[in-house]
Amino acid sequence: MPQHHHDSTKKKQPMKPLEFSLNGERVVAEGVDPTETLLSFLRRRGLTGTKEGCAEGECGACAVVLREDDGEGGSRYVTVNSCLLMLGSVAGRELLSVEGLAREGELHPVQAAMARGGASQCGYCTPGFVMSLFSEYYRADRAAPEPRAIEGNLCRCTGYRPIYDALESLGAPAEDDVFLARLKQEPPKLGSFGIHTHTPEGERAFHRPADLHEVFHELAKHPDAKLVAGGTDVLVEANQSHRRWPAVISLEAVSELREASLDDTGLTLGAAVPLEQIEARFASALPVLGELLPLFASPLIRRRATFGGNLANASPIGDGAPTLLALDAEVVIASSEGERRLPLADFFLGYRQTALSPGEILRSVFVPRPFPDASHFYKVSKRVMDDISTVAACFCLWRGEDGAITRARFGYGGVAATPMRARDAEAALEGHALDPAHVEAAAEALGAAFTPIDDHRGSAEYRGAMVVALFERFVHDLEQAEVAR
Amino acid sequence: MKYVGQDLPHESARLHVTGEALYTDDLVTRFPGCLHAWPVQSPHAHARVLGVDASAAEATPGFVRLLDAGDVPGEGDTGAARKDEPLFPNEACYEGQPVRWALAETEEAARLAATRVVVEWEVLPAVLGVRAAIEAESYLADEIAIRRGDVASALEGAPHRLSFELLVGGQEQLYLETQAALVDHDENGQVVVHSSTQNPTETQVIVARVLGLPRSRVTCQSLRMGGGFGGKETQANPIASVAAVGAHVTHRPVRVRLDRQRDISSTGKRHPFLGRLDVGFDDAGKLVAVDAKLFADGGYSLDLTVPIAWRALFHLDNAYLLPSCSLTARAMRTNVPSNTAFRGFGGPQGMLMIEEAMDRVARALDRSPLEVREANFYVEGDKTPYGLEVRHPERIRRVWDGVLESSEYEARRAEVDAFNAAHEHTKRGLAITPVKFGISFTTAFFNQAGALVLIYADGSVQLNHGGTEMGQGLHTKMRQIAAQELGVLLDDVRLMPTRTDKVPNTSATAASSGADLNGAAVRDACQKLRARLAEVAAAELGAAVDELSFEDACVFVASSPTRSMAFGELAQKAYLERVQLSATGYYKTPEISFDEAAGRGRPFHYFAYGAAVSEVEIDGFTGQHFVRRADILHDVGDSLSPLLDRGQIEGAFVQGMGWLTREELRRDAKGRLGTRGLSTYKIPGADDMPKDFRVALLPRATEPGVVHGSKAVGEPPLMLAISVREALRDAVAAFGDQPSGEAVELATPATPEAVWRACRAIQGR
């Protein structure tokens with residue numbers, strides 16, 4: 001049982017109720033457990049168009065749309081999994097469920113597209129696809145259909161062809177489209193929010209601070225609080241392992257954690273910046289991010305998931321760490337006492353253990369310049385998209401003017417208790433050209449670098465072989481690129 | 001307006017896209033005071049319950065009671081085939097088996113209470129996997145067999161001979177809507193069961209048995225399912241029964257809905273099969289004799305394993321003549337959930353065995369698999385091993401030649417070979433495979449269906465039939481048939497939820513037979529009504545009955561269309577004249593029979609045919625692969641609804657790809673399922689669809705003796721995905737020296753790891 005916290009001040013604080021906008025109407029959720037999922041809440045209210053297919057963000061049947069700040073003064077629609085959203089997270093937000101799209105009996109254009117050509121069979125996944133198409137329909141500067149828009153939704157009936165057809169048939173919104181007009185309105189601002197509820201199952205406190213100062217204040221009050229960024233892993237733990245936390249601190253509105261910038265020294269990524277934004281803003285400067293992020297998770301997940309969560313989680317199969325390790329990234333750790341920096345390679349101490357001490361949070365990730373001269377990310381998984389890695393690897397090389405390798409960094413996931421660098425293999429290449437002898441030496445070092453395990457994603461033997469094979473693939477791809485040049 | 005044969009979207013499409021379509025668990029908020037249930041599951045693959053301590057559960061706020069065998073007023077067993085599935089067992093026979101159920105005011109409280117129930121277990125030895133079951137002689141039923149000729153001497157005398165063993169993996173149905181039921185009491189104690197079931201009658205029967213009530217006291221309704229695929233043919237029954245027992249003891253509505261983990265861990269899947277084949281053939285690759293011994297992993301109880309094993313035997317020939325053969329199958333008992341129906345119902349596993357043989361024969365002879373397959377096709381006059389003459393065998397060649405041409409097979413064969421010669425680490429593969437699939441329930445008496453059609457005096461129509469809607473579009477097809485038969489507009493026909501108080505004693509919507517059986521019953525009912533109405537109209541319009549046309553909600557004299565009346569007007573007239581405006585319809589498939597003891601008979605009304613060409617690409621470093629292109633030509637007779645039929649073909653193909661290339665059920669040494677969620681059990685995603693996907697229906701394909709000349713379509717196209725597996729094998733072979741005269745081993749499912757192993761094995765030669 002999680003420990004309960006007794007905070008004598010909480011009853012004195014007048015608390016704002018949990019309010020949000022749903023399909024254009026104000027909802028005041030009273031007496032609710034703020035850690036309940038939005039999906040569960042919607043269905044309990046009789047909004048049963050939103051479906052539960054997996055409760056772990058894989059199928060997208062529960063997708064809903066949020067209207068969010070687009071960072072450029074306007075707003076945009078983003079489709080997310082409602083099974084991975086705590087109710088507290090939607091406080092102050094504006095959201096749409098599938099019931100909110102049709103107007104006066106007339107189907108929304110994305111609904112009409114899905115209804116027309118056989119894109120629904122059993123219909124259970126359909127509302128989720130509708131919601132994914134919805135945000136695609138209103139995507140700014142949309143010139144062509146983005147096939148990735150439906151990669152966060154699973155359908156067991158159709159084989160997807162008619163759903164792709166529906167996606168491709170979408171035109172542009174009419175000028176008087178009410179949802180388009182809404183995008184021009186001021187986006188909802190996520191302010192500081194907090195709520196305590198006494199449920200039959202125990203105390204539930206949820207805080208969403210707006211700045212770091214407030215984070216440390218709440219953290220001092222609730223030292224054992226569960227920290228949540230995008231929630232795409234924490235909510236899976238809640239839904240699948242039924243973990244419950246007496247206190248949750250959501251970091252998604254903390255302004256300092258949402259900053260990201262690229263300058264002469266390198267790339268700073270706030271711990272709570274959603275991956276989708278990182279890809280949109282920085283993949284051109286750092287192409288390996290453009291390789292990593294589409295494979296990292298589905299678009300529905302990437303709109304919520306963050307590097308901060310992925311690293312602090314310290315999962316050995318998280319895809320962020322191998323790439324960031326290979327980029328020689330540093331982490332910036334903050335507490336009420338100040339900040340400290342650490343090479344990411346020193347951040348992972350053991351299985352799901354990090355160097356974060358009580359009272360500390362991950363503030364940002366820093367990728368120093370110079371960026372590598374050659375880099376690739378590879379992921380072995382049963383399904384290419386929307387799957388968890390059997391083995392993930394990122395290889396980065398820095399070269400001197402003579403072409404010799406000055407620095408090599410190989411980050412691996414899925415082959416040890418933590419994400420890890422393959423230091424011996426790196427050393428085997430450094431100071432040398434990428435010639436067959438040194439490639440072989442590196443491959444040999446890789447063969448002895450890890451002792452992976454057997455599980456349902458792959459055997460130890462396969463994983464071990466992939467450690468080497470992905471490196472060989474990297475070398476092969478570099479050679480092909482040379483030839484092409 | 002003719003509706004049959006038109007491209008029409010699903011009749012609920014509008015409800016699907018708006019979220020208004022109701023599924024069983026969407027009803028909960030309509031039942032105030034509804035209780036929720038959560039199972040107490042066995043952590044062991046085999047263990048005896050020594051004691052149950054519910055005291056901690058009882059302390060959970062909102063807890064109502066722990067259901068056990070003492071709460072069952074009737075028989076506490078839900079086994080459909082035989083009584084071997086206790087609802088609240090004291091011996092758990094698989095990991096994840098529910099042994100008790102907690103009832104509470106909320107789902108959260110029910111779950112908490114269930115996890116607080118302390119069960120004392122005595123762990124017993126478990127049998128895991130079909131090989132272990134063979135070793136332990138752990139059987140569910142006697143061996144079944146189909147034999148023709150003296151296979152032993154035919155094998156002896158064959159010019160060539162090979163043997164192999166093939167283990168085919170299971171597959172989770174993974175309907176997006178998990179198992180769900182809600183039971184309430186109606187007036188006078190009538191038990192109303194809302195169930196996501198493919199078989200409302202059987203759910204009614206089992207609930208009545210569990211409650212100790214005559215069937216008339218139980219009504220079962222299946223609104224629609226969020227996918228079934230066979231997984232809700234029998235296995236919805238225990239879910240509904242738990243809800244029924246809960247409602248019985250509490251006098252409150254009770255909802256049982258499994259979340260994904262509990263669904264995957266406690267319900268049955270496609271059967272894993274082990275096949276041991278001994279094959280004799282001649283220099284051309286023509287089969288001389290086949291000795292096949294199949295072993296089906298049935299799980300802990302009988303369920304549908306025996307008919308599934310029969311269907312595996314019925315399809316072991318696929319499209320090929322087996323001149324002399326001995327085909328046997330045995331249902332094995334193991335400590336996993338009871339494996340059950342899944343699209344194809346054993347057919348895919350049987351078919352895979354002979355397709356494996358085809359490839360091995362081809363490679364042994366250094367011939368192309370294509371030519372060996374062609375050499376063995378059935379021709380006019382051939383009989384299956386069970387003695388049924390193959391109807392329309394020429395259609396095998398029609399679909400085969402058609403798809404060879406439309407896919408530009410020959411040119412692409414050369415392209416693939418050229419690509420492979422130029423690439424060391426990436427190889428492509430190309431393959432074509434056929435499908436011949438028998439249509440009918442192989443248990444003869446299931447081949448019947450009923451309908452109830454009601455015409456109201458305003459001319460609007462309610463249509464009831466015994467089939468259930470799980471996405472396949474059955475209701476859409478039934479509306480098309482009814483609207484056309486009655487000459488009314490599609491929108492005038494209201495399709496009612498499937499209920500056992502409308503049509504009694506129905507069969508499961510399964511075996512691809514839903515449209516054949518129910519369509520004929522609907523037509524029968526509509527024809528009766530039309531005949532009655534025609535009498536009234538003939539008198540009114542002063543014409544003979546056979547001069548009348550019913551079309552576009554209007555009845556008119558064909559030779560003089562101005563002499564007409566609106567359908568609504570006619571209905572009102574008929575009502576005033578005291579003409580009965582409701583009718584039942586009925587259909588039974590003719591000439592179906594099978595002698596199980598002899599392994600002879602006519603288990604099928606007809607065969608559905610198809611062929612597919614698939615092209616794949618493998619990354620030799622990792623074994624990861626994808627389908628570059630798939631071309632399908634499939635025989636659906638004269639399609640009732642081409643848009644829906646195409647959807648069935650595409651969906652089945654991708655689902656079959658999943659079975660053969662992605663979906664892997666992994667258990668540990670203690671029988672615990674590791675792949676119990678969508679994050680670990682990977683069904684095909686949007687990106688897995690063939691990058692170029694071309695599906696066509698065989699033209700000029702009328703099937704005499706079936707409603708509107710159509711054919712069943714639900715299951716047959718799943719097996720077209722075998723072409724993907726064979727294309728993968730073709731690509732794997734390209735990593736080695738060819739021809740080698742040796743078999744190319746490929747495990748199923750051909751996951752990236754399995755393909756990588758296959759590539760490594762061939763490179764290691």
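Within every chain, numbering begins at 1; the chains are lettered A, B, ... in the order of the sequence lines, protein sequences first and strands thereafter.
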Heavy-atom distance under 4.5 Å to chain A: side chain of B:Ser12, backbone, both or neither?
neither

For B:Thr751 and A:Lys382, does a side-chain donor sit closer than 3.5 Å to a side-chain acceptor?
no

Taking side chain as everything from C-beta outward and backbone as N, CA, C, O, which of these in A:Gln240 sits under 4.5 Å from a heavy atom of chain B? Side chain, backbone, both or neither.
both

Interchain contact, A:Leu101 with chain B, by part (heavy-atom threshold 4.5 Å)
neither

From CA spacing to verdict: ring pair (Phe, Tyr, Trp, His ring centres under 6.0 Å), A:Tyr412, A:Phe395
CA-CA 9 Å; A:Tyr412 278 91; A:Phe395 305 97; 5.7 Å; yes

Chain B contacts, top residue of A:Glu52, A:Arg116, A:His242 (heavy-atom pairs, under 4.5 Å):
A:His242

Any donor-acceptor pair under 3.5 Å linking the side chain of B:Glu172 with the backbone of B:Leu665?
no

Which of the residues B:Glu177, B:Gln173, B:His10 is involved in the greatest number of heavy-atom pairs with chain A at under 4.5 angstrom?
B:Glu177

Under 4.5 Å from any heavy atom of chain B - which part of A:Thr50
neither

B:His16 versus A:Thr126, side-chain donor and acceptor atoms under 3.5 Å:
no

Could you measure the distance from the CD atom of A:Glu99 to the CG atom of A:Leu22? Nearest 0.5 Å is fine.
8.0 Å

A:Val130 portion near chain B, given a 4.5 angstrom heavy-atom threshold
side chain

I'd like to verify something: which residue of B:Val654, B:Ile683, B:Thr106, B:Leu644 has the highest number of heavy-atom pairs under 4.5 Å with chain A?
B:Ile683

Any donor-acceptor N/O pair, A:Thr199 side chain to A:Glu201 backbone, under 3.5 Å:
yes

Can you tell me which portion of A:His108 sits under 4.5 Å from chain B's heavy atoms? Options are side chain, backbone, both or neither.
neither

Most heavy-atom pairs under 4.5 angstrom with chain A, which of B:Gly658, B:Gly623, B:Gly685, B:Gly473?
B:Gly685

Find the distance between CZ (B:Phe342) and CG (B:Leu174) and round it off to the nearest 0.5 Å.
8.0 Å

Look up atom CG in B:Asp25 and atom CZ in B:Arg257, then write down how far apart they are to the nearest 0.5 Å.
5.5 Å

Examine whether an atom of A:Arg148 lies under 4.5 Å from a heavy atom of chain B, and if so say whether it belongs to the side chain, the backbone or both; otherwise answer neither.
neither

Tell me, for B:Ile264 versus chain A, whether the close heavy atoms (under 4.5 Å) come from the side chain, the backbone, both or neither.
neither

Heavy-atom distance under 4.5 Å to chain A: side chain of B:Asp7, backbone, both or neither?
neither

In terms of heavy-atom pairs under 4.5 Å with chain B, which of A:Met466, A:Arg457, A:Glu151, A:Arg161 leads?
A:Arg161

Pick from A:Ala469, A:Gly46, A:Cys122 with the largest number of heavy-atom pairs that fall under 4.5 Å of chain B:
A:Cys122

Least distance between heavy atoms, A:Asp319 atom then A:Ala392 atom:
OD1-CB, 3.6 Å

Under 4.5 Å from any heavy atom of chain A - which part of B:Arg111
side chain

Contacting region of A:Glu56 [heavy-atom separation from chain B under 4.5 Å]:
side chain

Ring geometry between B:Phe653 and B:Phe693 (parallel below 30°, tilted from 30 to 60°, perpendicular above 60°)
tilted

With B:Gln648, the side-chain hydrogen bond (donor to acceptor under 3.5 Å, both in side chains) member among B:His634, B:Gln472, B:Arg343:
B:Arg343

Let me know if B:Asp687 has heavy atoms under 4.5 Å from chain A in its side chain, its backbone, both or neither.
both

Output the option from B:Leu27, B:Leu15, B:Val17 having the highest count of non-hydrogen pairs under 4.5 Å with chain A.
B:Val17

Interface moiety of A:Ser381 toward chain B, non-hydrogen atoms closer than 4.5 Å:
both

For the CG atom of B:Asp263 and the SG atom of A:Cys54, what is their distance to the nearest 0.5 Å?
12.5 Å

Check each atom of A:Thr158 against the heavy atoms of chain B and say whether the ones under 4.5 Å are side chain, backbone, both or neither.
backbone

Please classify the contact between B:Leu643 and chain A as side chain, backbone, both or neither, with a heavy-atom cut-off of under 4.5 Å.
side chain

Contacting moiety of B:Glu20, where chain A heavy atoms sit under 4.5 Å
neither

Looking at A:Val384, is its backbone amide N or carbonyl O close enough to the side chain of A:Asp387 to form a donor-acceptor pair, meaning the two atoms are under 3.5 Å apart?
no

If we ignore hydrogens and angles and just use 3.5 Å, is the side chain of B:Trp756 paired with the main-chain N or O of B:Asp619 as donor and acceptor?
no

Where does A:Asp455 contact chain B at under 4.5 Å (heavy atoms): side chain, backbone, both or neither?
backbone

To the nearest 0.5 Å, tell me how far A:Leu87 CG sits from A:Ser82 OG.
10.5 Å

With no hydrogens and no angle check, do the side chains of B:Ser196 and B:Thr24 hold a donor and an acceptor under 3.5 Å apart?
no

The interface call for A:Lys51 against chain B, heavy-atom contacts under 4.5 Å, is side chain

Is it the case that the side chains of B:Asp688 and A:Tyr160 hold a donor-acceptor pair, with the cut-off being a distance below 3.5 Å and no angle test?
no

Between chain A and each of B:Glu107, B:Arg676, B:Met470, B:Arg666, count heavy-atom pairs under 4.5 Å; write down the option with the most.
B:Arg666

Name the option with the most non-hydrogen atom pairs under 4.5 Å to chain B; the candidates are A:Arg43, A:Arg473, A:Met114.
A:Arg473

Top of B:Glu664, B:Glu469, B:Arg224, B:His625 for chain A proximity - count of heavy-atom pairs under 4.5 angstrom:
B:Glu664

Which atoms of A:Leu470 come close to chain B, meaning under 4.5 Å heavy atom to heavy atom: side chain ones, backbone ones, both, or neither?
side chain

Checking side-chain polar atoms at under 3.5 Å, does B:Thr178 have a donor or acceptor matched by the opposite partner on B:Asp259?
no

Quick check for you: among A:Gln121, A:Glu36, A:Glu472, which has the greatest number of heavy-atom pairs under 4.5 Å with chain B?
A:Gln121

Please enumerate all residues that pass salt bridge (charged side-chain N to carboxylate O under 4.0 Å, His left out) together with A:Arg383, with sequence neighbours excluded.
A:Glu58, A:Asp386

Bottom line for B:Phe229: the part with an atom under 4.5 Å from chain A's heavy atoms is side chain

Using non-hydrogen atoms only, which part of B:Arg30 is less than 4.5 Å away from chain A: side chain, backbone, both, or neither?
neither

Which one, A:Ala102, A:Cys59, A:Cys157, leads in non-hydrogen pairs under 4.5 Å with chain B?
A:Cys157

Could you tell me which portion of A:Tyr378 (side chain, backbone, both or neither) has an atom closer than 4.5 angstrom to a non-hydrogen atom of chain B?
neither

